[in-house]
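These notes are about the structure you will find just below.
Both ligands and their constituent atoms are indexed starting at 1 by order of listing.
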Amino acid sequence: MIEKIADRISTMGNSIFATMSKLSAEYNATNLGQGFPDFDGPSELIEEAYLAMKASKNQYAPSQGIFSLRKNIAEIQNKYYGMDFDPETEITITTGATEALYCSINAFVNPGDEVILFEPYYDAYYSDVILAGGIPRFVTLKKPNFSFDENELRDLINNETKIIVLNTPHNPTGKVFRKDELEIIAKIAIENNLLIISDEAYEFLTFNQIKHIPIATLPGMRNRTITINSTGKTFGMTGWKIGYASASPNLTTAIRKVHQWTTFAVNTPIQNALAYGFANLEKYIPEFVSNYQNKRDLALNLLKKTKFKAHKPDGSYFIMIDIPDNIFVDDVDAATKLVREYGVATIPPSVFYSKSDEGKTMLRLCFAKSDDTLKKGIEKLALI
Ligand code: PMP
Ligand code: GLN
């Protein structure tokens, strides 16, 4: 019976991404809202998925994921970051980064535990903490640089604090956390014996040679960090929904317990295709990055002809833009009018904030779109 729903989900609404994509379709708008490419990923991977199906790789995979995929991921982590994850005991394949986040949070949060989120936060963190009975607390990444105040973070810590969730490169701001910022977070985590869940879904999407640094590579962080990644971002096929969590064996054992009772195992033929993808990743990444950098630069140039001031992102495939003064009431009003009256869908970011009102002053655009889509969408913004 609907009135018997669990208390912990009673305040949950619909995801803003689904809401805006639905409105976009309804108004036949240009969709610069939900984060997904409107072009395909590498055709060789699609071919590999098909070959895997033809080769009868169609039954359940091992719960932790097929070994070749875990091994190839470990090799990439070693080549790019000098990390040394053991694929047997330290890497778990999940249904997207989304499931890795759910399993990690549910593996460690008891009712009443506090989890610190940097806001604007990716909405799933908040919901996962609530689903686990935890209490989210917030540190604001403030405009214009989306930097945080060390004291604001320190002030939140008490005996109930268990986890800090980090996201770099960051959705929605495009911020790539610098080494000195990560060092502050690491120091605080070590001093207070906290766990870090580091969502690095956009790890390969950084621009102008800016380096992505996994916080697990900082001294003292290897055994207190769960690093989460998404192949949907890396290979540009979000609908394949495969992610992974990398962490020390004791953390991994806990994550795998939740994973076992959530999905048990992940799509077998697609895991095979991705094993091929990671084996060939180094050939693929340079063109992948330059393609996205061109799109970012195109979007930034087109935005110069509008009244929306862009916050140039160093990573991810999102741009935050300031809403011009005295035209809209707030971000929700702007996003609603833009999709209904101007035919362009964006994301109102106030839903990613719980403490600060800064979200009301901006909109998020996704630039993982064909050049034509970007031109069409941003030309509509220029009508304001
Ligand atoms: N984390 C972040 C920061 C994201 O932006 C997304 C989705 N785009 C996810 C996690 C979820 O990734 P997946 O689609 O692999 O579940
Ligand atoms: N991560 C995507 C975004 O930020 C959306 C994923 C989803 O719709 N759940 O837009």
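Minimum heavy-atom separation, I270 to A49: CD1-CB, 4.1 Å. In this structure, L131 and R8 approach most closely via the heavy-atom pair O-CD, 3.3 Å.
The shortest N or O to N or O distance between Y125 and ligand 1 is not below 3.5 Å. Remark: ligand 1 and T95 share no N or O pair separated by less than 3.5 Å (distance only, no angle test).
Close to ligand 1: Y202, with a non-hydrogen atom less than 4.0 angstrom away. Heavy atoms of H170 come nearer than 4.0 angstrom to ligand 1 in no pair at all.
Annotation: atom 14 (O) of ligand 1 to nearest protein heavy atom, K241 NZ, 3.4 Å. Here the protein heavy atom with the shortest distance to atom 13 (P) of ligand 1 is A97 N, 3.4 Å. Atom 9 (C) of ligand 1 has Y122 CE2, 3.5 Å as its closest protein atom, hydrogens excluded (heavy atom only). Annotation: atom 11 (C) of ligand 1 to nearest protein heavy atom, T98 OG1, 3.3 Å.
Aromatic ring orientation, Y317 versus F367: perpendicular (interplanar angle above 60°, classes split at 30° and 60°).
Geometric assessment of K295 against the ring of F39 yields a positive cation-pi assignment under the 6.0 Å and 45° thresholds.
Put simply, the side chain of R256 gets close to the backbone of I91: a donor and an acceptor are under 3.5 Å apart.
Residue contacts with ligand 1, taken as heavy atom pairs separated by less than 4.0 Å, involve N167 solely via side-chain atoms from C-beta onward. Of all the heavy atoms of K233, the ones lying under 4.0 Å from any atom of ligand 1 belong exclusively to the side chain. The side chain of D199, and not its backbone, has at least one atom closer than 4.0 Å to an atom of ligand 1 (non-hydrogen atoms only; side chain from C-beta on).
In summary, the aromatic rings of F148 and F138 are positioned with their centroids too far apart to meet the 6.0 Å limit. Side-chain rings of Y126 and Y121 approach one another, their centers coming within less than 6.0 Å. In this structure, F177 has its ring center closer than 6.0 angstrom to the ring center of F118. Checked against a 6.0 Å centroid threshold, the rings of F288 and F204 do not count as neighbours.
Residue S230 holds the heavy atom nearest to atom 15 (O) of ligand 1 of all those in G243, S230, G35.
Salt bridge status for R137 with E114: present, with a side-chain N to carboxylate O gap under 4.0 Å. At a threshold of 4.0 Å, the pair E191-K187 counts as salt-bridged, since one of the basic side-chain nitrogens sits closer than that to a carboxylate oxygen.
Each of the following atoms of ligand 1 lies closer than 4.0 Å to a heavy atom of G96: 13 (P), 15 (O), 16 (O). For ligand 1, the atoms closer than 4.0 angstrom to any heavy atom of N171 are 3 (C), 4 (C), 5 (O).
Residues of the protein with a heavy atom under 4.0 Å from ligand 2 are F17, Q34, G35, Y122, N171, F318, R364, listed by chain and number.
Partners of T168 according to the side-chain hydrogen bond (donor to acceptor under 3.5 Å, both in side chains) rule, which considers only residues two or more places apart in sequence or in another chain, do not exist here.
Taken to the nearest 0.5 Å, the CD1 atom of I255 stands 4.0 Å off from the CD1 atom of I226.
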